[in-house]
**Q** 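Before I ask anything, let me first share the structure, which is written out below as structure tokens.
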Amino acid sequence: MNAKRIPPTKTHAEMVSAWMGQPEFKAEYKKLDGEFALLDELLAARKKSRPHPSASR
């Protein structure tokens, strides 16, 4: 496979913003709000439980 990688033309935030203009996408995205909140909580707890890398120096 010799295909060259095409660099992205939009950021993730730009794509989501554009997709939010589609009522079907927006409705499905809103259904996942609870899961996104849970993921945010899990990631925050994980970050809090790990010592900062500079603390070991």
Side-chain angles (χ1 to χ4, degrees):
M1 204 170 191
N2 293 331
K4 290 188 177 183
R5 183 180 179 276
I6 299 171
T9 56
K10 291 183 179 181
T11 65
H12 180 262
E14 290 169 333
M15 288 188 302
V16 171
S17 179
W19 292 333
M20 283 296 194
Q22 300 173 16
E24 291 174 355
F25 177 86
K26 192 171 185 174
E28 292 299 318
Y29 191 88
K30 290 290 182 186
K31 287 181 188 177
L32 297 173
D33 275 348
E35 290 189 38
F36 291 143
L38 177 60
L39 178 61
D40 286 342
E41 282 185 47
L42 290 170
L43 292 173
R46 181 177 176 191
K47 185 175 181 180
K48 186 177 177 181
S49 70
R50 288 186 171 178
H52 191 273
S54 64
S56 63
R57 292 181 184 170

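These numbers were taken from a predicted model, which means no experiment stands behind them. When a residue number appears, it is its place in the shown sequence, counting from 1.
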**Q** Measure from the side-chain N and O atoms of E14 to the backbone N and O of T11, and report whether any donor-acceptor pair falls under 3.5 Å.
**A** yes
**Q** With rounding to the nearest 0.5 angstrom, report the CZ to NZ distance, F36 to K31.
**A** 13.0 Å
**Q** Write down the atom of R46, the atom of S49, and the distance for their closest heavy-atom approach.
**A** O-OG, 3.0 Å
**Q** Applying a strict under-4.5 Å side-chain criterion to I, L, V, M, F, W and Y, I'd like to know whether Y29 and M15 cluster together.
**A** yes
**Q** Atom CD of Q22 and atom CE of M20: how far apart are they, to the nearest 0.5 Å?
**A** 10.5 Å
**Q** When rounded to the nearest 0.5 angstrom, what distance separates CG in D33 from CG in L38?
**A** 12.5 Å
**Q** Would you name the heavy atoms of V16 and F25 that are closest together and state the gap between them?
**A** O-CE2, 4.4 Å
